[in-house]
Amino acid sequence: MTAEVFTPTLAVTMTPSAVKHVRKQLEKKPDAKGIRLAIKKSGCSGFKYETQWVEEAAADDKVFHIDGVDVFVKEEHLPLVNGIEIDFVTEGVNSMFQFRNPNATAECGCGESFTVA
C-alpha cells in the first residue's frame, strides 16, 4: 500500500465581465500589475471584501492568472476566499464587483459583510 499525497486546489475565478473591467482599469494605471482581493474584519457579519491595485507583489501573495489579469491574495486570506468567483455587474446606474464565495455561511442584509464558519 502506498500513501497518496493530497494537495488541495486553490482557486479564484473571474467572470468575463470582471476581467474586462479590470483590464480596462489597468490600462489607465501603468504601474499596476493587477488587483488584490483583500479581506478585512468589518461589518455586522464579520468580514468584508476590499479590492486594491497592486504595484508590487508581497512575499506572502498567491497570484492567480486569469485571462491576462493577475489577482493577488494574501496567503492568510486564502481559506476565506478559496473557490470565490469575482463578477462585475451593473444594476441601474451603479457598477460594482460582486463576490460569489462558497465559504460564506452568512451575509449581512446590505451585502457589505460575510461570515465564514
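Residue numbers count from 1 along this sequence.
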For this session: Is it possible for you to check whether K74 lies under 6.0 Å from the centre of the six-membered ring of F72, through NZ or CZ, and within 45° of that ring's axis?
Result: no
For this session: Hey, can you tell me if F88 and H21 have their rings parallel, tilted or perpendicular (30° and 60° cut-offs)?
Result: parallel
For this session: Please confirm whether the backbone N or O of V63 pairs with a side-chain atom of D61, one donor and one acceptor, at under 3.5 Å?
Result: no
For this session: Heavy atoms only: give me the nearest A32-L26 pair and the separation to one decimal.
Result: CB-CD2, 3.6 Å
For this session: Locate the shortest heavy-atom distance separating V19 from D67; write the atom from each residue and the value.
Result: CG1-O, 3.9 Å
How about [X] and [Y]: do any of their side-chain heavy atoms sit closer than 4.5 Å?
X: R36; Y: T51; value: no
X: I86; Y: T15; value: no
X: F47; Y: K41; value: yes
X: S17; Y: D87; value: yes
X: T13; Y: F64; value: no
X: L80; Y: Y49; value: no
X: I84; Y: L37; value: yes

When rounded to the nearest 0.5 angstrom, what is the spacing between [atom1] in [X] and [atom2] in [Y]?
X: I39; Y: E50; atom1: CD1; atom2: CD; result: 9.0 Å
X: I35; Y: R23; atom1: CD1; atom2: CZ; result: 13.5 Å
X: E55; Y: D31; atom1: CD; atom2: CG; result: 5.0 Å

For this session: Apply the test salt bridge (Lys or Arg N to Asp or Glu O under 4.0 Å) to residues K33 and E56: give CA-CA distance (whole Å), side-chain angles for both, the deciding distance (0.1 Å), then the verdict.
Result: CA-CA 7 Å; K33 292 183 170 56; E56 285 297 321; 3.3 Å; yes
For this session: Indicate, with yes or no, if M14 and L10 share a hydrophobic cluster defined by side-chain heavy-atom contacts under 4.5 Å among Ile, Leu, Val, Met, Phe, Trp and Tyr.
Result: yes
Problem set entry | same_hphob_cluster(I66, V54) at 4.5 Å side-chain heavy-atom cutoff | no
Exercise. Going through the distances and angles, do Q25 and K20 end up as a side-chain contact (heavy atoms from CB on, under 4.5 Å)?
Worked result: CA-CA 9 Å; Q25 296 304 310; K20 180 179 176 182; over 6 Å; no
